[in-house]
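Below is one structure, written out as structure tokens; comments come after it.
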Amino acid sequence: MTLTYIPTSPTSSTPEPDTSTVPLDNATIPNSALQAPTVCVYLNKYGKMGPHLDQRRIQQLPDHFGPGRASSVLQQCVQACVDSAHNQGTVFSCLKSGQGGEVISAFFDQQQHTLTLPTVSSVTYVLRFLEKLCHNLHCDPLFGSQPTQFKSGGGRIEDAKVFHWELEWSTSEGKLRLSSKEIRDSRLRYFGDEQRRDS
């Protein structure tokens with residue numbers, strides 16, 4: 001007589017292991033989270049606003065924008081300049097349209113206009129963009145990475161400090177940590193010095 005083995009199905013399914021409390025490692029964290037450029041930009045309310053910006057409106061702005069994503073902080077700073085202008089079209093005309101960035105809006109010529117800013121490639125790019133915008137508006141540098149980096153006359157101190165922020169996974173602590181690395185950029189200079197070199 002031959003015996004035939006017939007497999008039987010289990011009466012209940014085996015539960016999946018609970019992985020909700022398992023610590024993440026670097027391989028499971030997106031690169032965008034590990035290297036998210038974050039910046040805080042401070043506003044200089046005491047410089048010369050030039051012919052295009054309203055001093056009273058500038059005084060009503062917050063003391064700083066951020067900390068936050070570099071592209072978002074850039075948008076807030078540029079939009080603040082647009083909103084503080086005597087004629088929003090003047091600031092709007094200083095901007096070049098880009099792709100992938102945040103949107104700026106302005107009202108002039110009896111209609112609403114929008115423009116997309118360029119993609120932000122680095123924290124330094126934010127400060128360089130704002131520096132050039134202030135230069136085109138014929139006003140003192142309004143933005144900086146440190147609240148104390150402005151001279152009494154509204155200019156910018158040489159070699160301003162720029163920080164690149166990164167999210168890092170700490171295996172020992174089992175959580176994400178925010179760390180910063182100082183970047184020195186000698187291109188961030190006082191406009192008066194640039195004008196003397198160009199003359």
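Asn44 places no side-chain N or O within donor-acceptor distance of the main-chain N or O of Gly144, the cut-off being under 3.5 Å. Between the side chain of Asp109 and the backbone N or O of Gln111 there is no donor-acceptor pair closer than 3.5 Å. At distances below 3.5 Å, at least one donor-acceptor pair connects side-chain atoms of Lys45 with backbone N or O atoms of Leu61. For the pair His64 (side chain) and Val41 (backbone), a donor-acceptor distance under 3.5 Å is absent. Between the side chain of Thr114 and the backbone N or O of Ser105 there is no donor-acceptor pair closer than 3.5 Å.
Residues that satisfy the ring pair (Phe, Tyr, Trp, His ring centres under 6.0 Å) test with Phe107, not counting sequence neighbours, are absent from this structure.
Between Val82 and Ala106, the closest heavy-atom pair is CG1-CB, 3.6 Å. Considering all non-hydrogen atoms of both residues, Leu53 and Cys139 come closest at CD1-SG, 4.1 Å.
Separating the CG atom in Leu127 from the CG atom in Leu74 is a distance of 9.5 Å, to the nearest 0.5 Å. Distance check, rounded to the nearest 0.5 Å: NZ of Lys132 to NZ of Lys96 gives 5.0 Å. One finds the CD atom of Gln88 at 11.5 Å from the SG atom of Cys81 (value rounded to the nearest 0.5 Å). Rounding to the nearest 0.5 angstrom, the gap separating the OG1 atom in Thr90 from the CZ atom in Phe108 is 9.0 Å. Here the CG-NE2 distance, from Asp140 to His135, works out to 12.5 Å after rounding to the nearest 0.5 Å. Note that CD of Glu102 and OG1 of Thr119 are 10.0 Å apart. Values are rounded to the nearest 0.5 Å.
Here the side chains of Leu137 and Cys94 are in contact, with some heavy-atom distance below 4.5 Å. You'll find the side chain of Leu95 reaches within 4.5 Å of the side chain of Phe129, heavy atoms only. Side-chain contact between Val78 and Leu130 is present, with at least one heavy-atom pair separated by less than 4.5 Å. Using a 4.5 Å heavy-atom cutoff, the side chains of Thr116 and Val103 are in contact.
Applying the side-chain hydrogen bond (donor to acceptor under 3.5 Å, both in side chains) test to every pair with at least one member in residues 51-61, sequence neighbours left out, gives no pairs at all.
With respect to Ser84, the side-chain contact (heavy atoms from CB on, under 4.5 Å) criterion is satisfied by exactly one of Ile58, Leu142, Val91: Ile58.
Checked by atom type, the side-chain pair Gln75/Ser71 shows no donor-acceptor distance below 3.5 Å.
Classified by interplanar angle (parallel below 30°, tilted 30° to 60°, perpendicular above 60°), the ring pair Phe92/His113 is tilted.
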